[in-house]
**Q** 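Input: one structure, supplied below.
Because only heavy atoms are used, hydrogens play no part in the values below, and waters and symmetry mates are left out as well, while side chains stay in.
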Amino acid sequence: MKLTIKEIAKMAGVSPGTVSKVINKTGSISSETAKKINKIIVETGYKPSFSARSLATKKSNLIGLIFHVEFSHPFFNDVVNSFKTAIGKLGYDILVFSDKNFSGNKEDYVARCKHFQLDGCVIISGEKLEPPLDELDQSDIPCVGIDIELKGPRSSYVSTDNNKVSAKVVEYLYLNSIKEVAFIGGPSDSIISNIRKNAFIHFVELFGMVKRNNWIQYGDYFEESGYTAMKRILASAPYPQAVYTASDMMAFGALKAIKEEGIRVPEDIKIIGCDDIEATRYSNPPLATVKQDKEKMGKLAAYMLHDLISDSAEPGSILVDPQLMIRESCVIETEITIPT
């Protein structure tokens with residue numbers, strides 16, 4: 001039979017609160033009392049429950065992971081794996097929220113966090129902060145967003161500097177005499193994609209490069225949509241010299257569409273993606289891309305959340321610099337390199 005903290009207290013002739021203080025090494029307890037309680041704990045093999053520990057310490061060492069994007073996308077998988085490793089080293093376990101009903105209301109994240117006595121949450125919501133997540137963001141529960149802006153009183157976020165993503169691509173192409181560039185973005189209402197698109201247009205105009213309405217298309221970050229968008233670009237001449245896509249997955253789709261038309265990559269059309277997922281190294285040809293530092297983003301999210309929980313830092317945001325990774329899909333014969 002599993003003993004309770006009350007039974008241990010009765011055996012020791014003390015209050016449950018005194019036993020709790022000995023277990024969690026808090027408060028002022030005489031060495032004689034502590035020795036007596038510890039002796040009983042050893043002899044009975046008593047192991048304090050999770051709830052007993054968290055009640056005494058006011059910390060559960062549990063972090064909620066709220067994942068509102070496609071788990072199948074390699075970018076988010078890599079970020080989450082980095083976060084899991086870093087948060088684990090800081091002494092936390094992770095509770096992943098499912099989409100199943102919880103107490104009759106699957107969207108009440110604040111209640112769910114309090115039910116499990118979570119110390120904080122990491123939110124990966126992709127684009128939009130839906131009302132249940134906004135309520136969590138505005139609560140007193142420490143939260144860190146990855147690739148989504150949070151503005152709550154105990155919230156921070158980390159994201160790639162998406163303006164710089166497009167700036168690096170357009171600047172590189174311009175300096176290497178490529179002035180006719182198409183863009184394939186995510187959904188037309190995607191916040192991140194629109195930051196990249198608007199920065200793309202800004203630098204294309206700044207450098208006096210060619211603009212064509214048909215050269216700006218939209219997808220959903222996955223391969224099939226990149227294929228369809230590229231087909232629309234190729235439906236009428238002239239063709240661009242290069243195509244820049246808002247994700248590597250869409251770049252793979254665009255590459256397939258170009259090859260089907262008998263057009264050579266990189267000789268006729270060059271391609272640059274974004275994310276630097278593992279598969280970019282093994283495509284044919286290997287895909288040039290803009291690297292988002294997924295490991296750094298996950299690690300930063302873990303440390304930022306830990307600091308919010310321990311009240312050792314104020315809420316804030318960090319933008320991580322991207323890095324241009326030139327591979328064979330965007331090889332230029334007389335290449336002019338630029339600092340990354």
**Q** Can you run down the side chain to side chain donor-acceptor pair (under 3.5 Å) pairs that involve residues 294-306, sequence neighbours left out, and say none if there aren't any?
**A**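 Every side chain to side chain donor-acceptor pair (under 3.5 Å) pair that includes a residue of residues 294-306, provided the two are not neighbours, is Tyr92-His306.
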**Q** Yes or no on salt bridge (Lys or Arg N to Asp or Glu O under 4.0 Å) for Glu261 and Lys231, after CA distance, side-chain angles and deciding distance?
**A** CA-CA 9 Å; Glu261 296 295 324; Lys231 284 289 189 181; 3.1 Å; yes
**Q** Got a second to check how far Met11's CE is from Ile41's CD1, nearest 0.5 Å?
**A**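 So the gap between those two atoms works out to 10.0 Å.
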**Q** Tell me whether the count of non-hydrogen atoms from other residues, nucleotides or ligands lying under 6.0 Å of CD in Glu314 goes above 12.
**A**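 No, the 6.0 Å shell around CD holds no more than 12 heavy atoms from other groups.
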**Q** Does either side chain, that of Tyr239 or that of Glu180, offer a donor lying less than 3.5 Å from an acceptor on the other one?
**A**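 On atom types as modelled, these side chains do not qualify, holding no pair under 3.5 Å.
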**Q** Do any N or O atoms from the side chain of Ser60 and from the backbone of Gln117 form a donor-acceptor pair under 3.5 angstrom?
**A**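 Here the side-chain-to-backbone pair exists.
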**Q** Is it true that Lys39 and Glu43 have a side-chain N and a carboxylate O under 4.0 angstrom from each other?
**A**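 The answer is yes: the pair qualifies as a salt bridge.
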**Q** Hey, is the main chain of Ser188 close enough, under 3.5 Å, to the side chain of Asn194 for a donor-acceptor pair?
**A**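 Here the side-chain-to-backbone pair exists.
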**Q** Quick check: does any side chain N or O of Lys211 sit under 3.5 Å from a backbone N or O of Glu205, one acting as donor and the other as acceptor?
**A**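 Not confirmed, Lys211 side chain does not pair with Glu205 backbone.
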**Q** Nearest 0.5 angstrom please: Leu90 CG to Leu305 CG, how far?
**A**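 Reported value, rounded in 0.5 Å steps: 9.5 Å.
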**Q** Run the ring-ring contact (aromatic ring centres under 6.0 Å, His included) test against Tyr218 and tell me which residues pass, sequence neighbours left out.
**A**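 By the ring-ring contact (aromatic ring centres under 6.0 Å, His included) rule, Tyr218 matches no residue at all.
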**Q** Would you give the length of the straight line joining atom CG of Leu234 to atom CE of Met230, rounded to the nearest 0.5 angstrom?
**A**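 So the gap between those two atoms works out to 3.5 Å.
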**Q** Does Glu223 pair with Lys256 as a salt bridge, N-O distance under 4.0 Å?
**A**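 No, Glu223 and Lys256 are not salt-bridged.
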**Q** Are the side chain of Ser329 and the backbone N or O of Pro285 linked by a donor-acceptor pair below 3.5 Å?
**A**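 No: the side chain of Ser329 does not pair with the backbone of Pro285.
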**Q** Show, in sequence, the C-alpha distance, side-chain angles and deciding distance for Thr228 and Ser225, and conclude whether the side chain to side chain donor-acceptor pair (under 3.5 Å) test is met.
**A** CA-CA 5 Å; Thr228 303; Ser225 70; over 6 Å; no
**Q** Parallel, tilted or perpendicular: which describes the rings of Phe183 and Phe200, with under 30° parallel and over 60° perpendicular?
**A**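 Taking Phe200 first and then Phe183, their aromatic rings lie parallel (interplane angle under 30°).
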**Q** Is the backbone N or O of Val80 less than 3.5 Å from a side-chain atom of Lys84, with the two atoms forming a donor-acceptor pair by type?
**A**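 Checked: no pair found.
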**Q** Rounded to the nearest 0.5 Å, what separation is found between the CD atom of Gln292 and the OG1 atom of Thr160?
**A**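 Nearest 0.5 Å value for the CD-OG1 distance: 3.5 Å.
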**Q** Check the hydrophobic clustering (I, L, V, M, F, W, Y; side-chain heavy atoms under 4.5 Å; chains of links allowed) and say if Val144 and Phe75 are grouped together.
**A**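 Linked within one cluster.
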**Q** How many angstroms lie between CG in Asp248 and CD1 in Ile271, if you round to the nearest 0.5 Å?
**A**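 With rounding to 0.5 Å, CG (Asp248) is 11.0 Å from CD1 (Ile271).
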**Q** Looking only at atom types and distance, does a side-chain atom of Thr289 sit under 3.5 Å from a main-chain N or O of Lys291, one as donor and one as acceptor?
**A**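 Not confirmed, Thr289 side chain does not pair with Lys291 backbone.
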**Q** Is a donor from one side chain sitting under 3.5 angstrom from an acceptor on the other, for Ser82 and Thr85?
**A**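 Judged by distance alone, the side chains do not pair up.
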**Q** Any donor and acceptor pair, going by atom type alone, linking the side chain of Arg154 with main-chain N or O of Asp140 inside 3.5 Å?
**A**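 It does hold such a pair.
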**Q** For residues Ser312 and Asp307, is any side-chain donor paired with an opposing acceptor at under 3.5 Å?
**A**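 Side-chain D/A pair, Ser312 to Asp307: present.
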**Q** With a 4.0 Å cut-off, would you call Asp321 and Lys168 a salt bridge?
**A**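 So Asp321 does not pair with Lys168 through a salt bridge.
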**Q** Within the distance-only criterion (no hydrogens, no angle test), does the side chain of Ser159 pair as donor or acceptor with the backbone N or O of Asp147 below 3.5 angstrom?
**A**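 No, because the side chain of Ser159 does not come within donor-acceptor range (under 3.5 Å) of the backbone of Asp147.
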**Q** Does one hydrophobic cluster hold both Ile277 and Ile184, with members joined at side-chain heavy-atom distances below 4.5 Å?
**A**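 Same cluster.
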**Q** Among Leu133, Ile141, Ile123, which residue satisfies the side-chain contact (heavy atoms from CB on, under 4.5 Å) criterion with Tyr109?
**A**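 Going through Leu133, Ile141, Ile123 one by one, the side-chain contact (heavy atoms from CB on, under 4.5 Å) with Tyr109 is satisfied by Leu133 alone.
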**Q** Does Asp137 reach the main-chain N or O of Lys151 with its side chain, forming a donor-acceptor pair under 3.5 Å?
**A**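 At least one qualifying donor-acceptor pair exists.
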**Q** Could you tell me whether the side chain of Asp119 and the main chain of Asn61 form a donor-acceptor pair under 3.5 Å?
**A**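 The answer is yes, because a donor-acceptor pair under 3.5 Å joins these two groups.
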**Q** To the nearest 0.5 Å, tell me how far Cys274 SG sits from Leu324 CG.
**A**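 That separation rounds to 10.0 Å.
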